Amino acid sequence: MATNNSKTSNFSIESQVKGKAKKTQGSLLGQSAQSLFPDLFQNKSAPAAPFKIIVPPSPPDMSWLANASSGGQLEQADDAPLALLALSGKAQQKLITQTLAKMGYATTTASSAMQVLEQLRTNTYHLIFCSADAPFKTVHRFVNQLTTNRRRRIYFVLVGADLHTLYDLEALVLSANLVINSQDLPSLELILSKGLRDYEQLFGPLLETLGSPK
């Protein structure tokens with residue numbers, strides 16, 4: 001008897017479920033999507049914001065460029081770093097002097113080793129260019145014999161036809177900070193900028209710790 005009651009109960013539940021399903025299906029017939037889902041068809045579009053035109057800034061005033069390129073010599077500041085040129089060739093002296101002036105150096109030239117030594121005894125130079133030839137060997141020797149404190153404040157550049165530009169090992173062997181082949185002097189500004197930047201990165205923290213001017 002319990003088994004029959006169970007079957008009867010299951011049959012009645014299934015009948016109810018099927019009846020509800022048929023009723024639901026029948027209620028959807030003939031209805032539109034808009035009536036079933038009214039929220040989706042509401043006009044929610046707000047008026048579009050007016051288009052904003054972004055005006056770019058005006059180009060910079062470049063009139064100063066014409067003045068700078070007029071051929072006049074740039075003024076050097078009173079506290080400009082000092083450079084000493086000990087070079088054999090007049091053409092080299094002129095080219096290097098012009099380049100250093102652009103880079104902000106006040107330049108002194110010397111035509112003999114004796115003049116160079118006199119300048120070094122009375123003045124402090126941040127940068128020295130020296131020809132790697134016989135007439136200026138005494139200058140090279142004099143710079144190498146300076147006290148450590150004074151020598152590390154001088155950036156010493158050797159220029160010669162047999163040197164290899166920016167070759168650090170060659171500069172180290174010759175006790176120089178930088179070596180430049182004579183043929184590369186037209187690119188001096190780039191070469192010197194790179195050499196000074198590398199020197200600053202390598203020795204800048206040390207000089208700062210020692211309290212020496214760079």
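A quick note: this is a predicted structure, and the numbers were derived from the prediction, not measured. Just so it is clear, the values below take in all heavy atoms, side chains as well, and ignore hydrogens, waters and symmetry mates.
- Counting heavy atoms from C-beta on, the side chains of I96 and L185 come closer than 4.5 Å.
- The minimum heavy-atom distance linking R151 with S175 is given by the pair NH2-O, 3.4 Å.
- When side chains are defined from C-beta on, L84 counts as touching V116, because their heavy atoms get closer than 4.5 Å.
- Partners of K194 under the side-chain hydrogen bond (donor to acceptor under 3.5 Å, both in side chains) rule, at least two apart in sequence or in another chain, are D198.
- Proximity of L120 to V143: side-chain heavy atoms (C-beta onward) are separated by under 4.5 Å at one or more points.
- The CD1 atom of I180 sits 5.5 Å away from the CD1 atom of I191 when rounded to the nearest 0.5 Å.
- Counting heavy atoms from C-beta outward, C130 and V157 have side chains that stay 4.5 Å or more apart.
- In this structure, the side chain to side chain contact (heavy atoms under 4.5 Å, CB included) partners of L117, at least two apart in sequence or on a different chain, are R121, F142.
- A donor-acceptor contact shorter than 3.5 Å is absent between the side chain of Y125 and the backbone of L85.
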Side-chain donor-acceptor contacts of residues 133-141 below 3.5 Å, not counting sequence neighbours, with atom names and distances?
from, atom 1, to, atom 2, distance (Å)
D133, OD2, S88, OG, 2.7
H140, NE2, N144, ND2, 3.4
H140, NE2, L174, O, 2.7

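- A donor-acceptor pair under 3.5 Å links the side-chain atoms of T122 to the main chain of E118, judged by distance alone.
- Atom OG1 of residue T97 and atom CD of residue Q92 lie 11.0 Å apart, to the nearest 0.5 angstrom.
- Within the 4.5 Å cutoff, side-chain heavy atoms of L178 are placed close to those of L192.
- Partners of E189 according to the salt bridge (Lys or Arg N to Asp or Glu O under 4.0 Å) rule, which considers only residues two or more places apart in sequence or in another chain, are K102.
- Both L146 and I128 belong to a single network of hydrophobic side chains, linked directly or stepwise wherever heavy atoms of I, L, V, M, F, W or Y lie under 4.5 Å apart.
- The backbone N or O of P81 sits nowhere less than 3.5 Å from a side-chain atom of H126 that would complete a donor-acceptor pair.
- Distance CG/L127 to CZ/R153: 15.0 Å, rounded to 0.5 Å.
- To the nearest 0.5 Å, atoms CG (L188) and CD (Q98) are separated by 11.0 Å.
- One distance of note links CZ of F129 with OH of Y105; it measures 8.5 Å at 0.5 Å rounding.
- Criterion: ILVMFWY side-chain heavy atoms under 4.5 Å apart, direct or through other members. Under it, Y199 and F156 are not part of a common hydrophobic cluster.
- Q93 is linked by a side-chain hydrogen bond (donor to acceptor under 3.5 Å, both in side chains) to nothing, counting only residues two or more places apart in sequence or in another chain.
- Taking the side chain to side chain contact (heavy atoms under 4.5 Å, CB included) definition, one finds that S112 meets it with M114, Q115, sequence neighbours left out.
- Between N177 and R152, the side chains place no donor N or O within less than 3.5 Å of an acceptor N or O (distance only, hydrogens not considered).
- Scanning for side-chain hydrogen bond (donor to acceptor under 3.5 Å, both in side chains) contacts around R150 gives an empty result, with sequence neighbours left out.
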Let me have the donor-acceptor pairs involving side chains of residues 160-169, under 3.5 Å, with sequence neighbours excluded, atom names and distances please.
from, atom 1, to, atom 2, distance (Å)
H164, ND1, E170, OE1, 3.4
H164, ND1, E170, OE2, 3.3
T165, OG1, N181, N, 2.9
T165, OG1, D184, OD2, 2.5

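- Taking all atoms of both residues into account, the shortest heavy-atom contact from A83 to L100 is CB-CD1, 3.8 Å.
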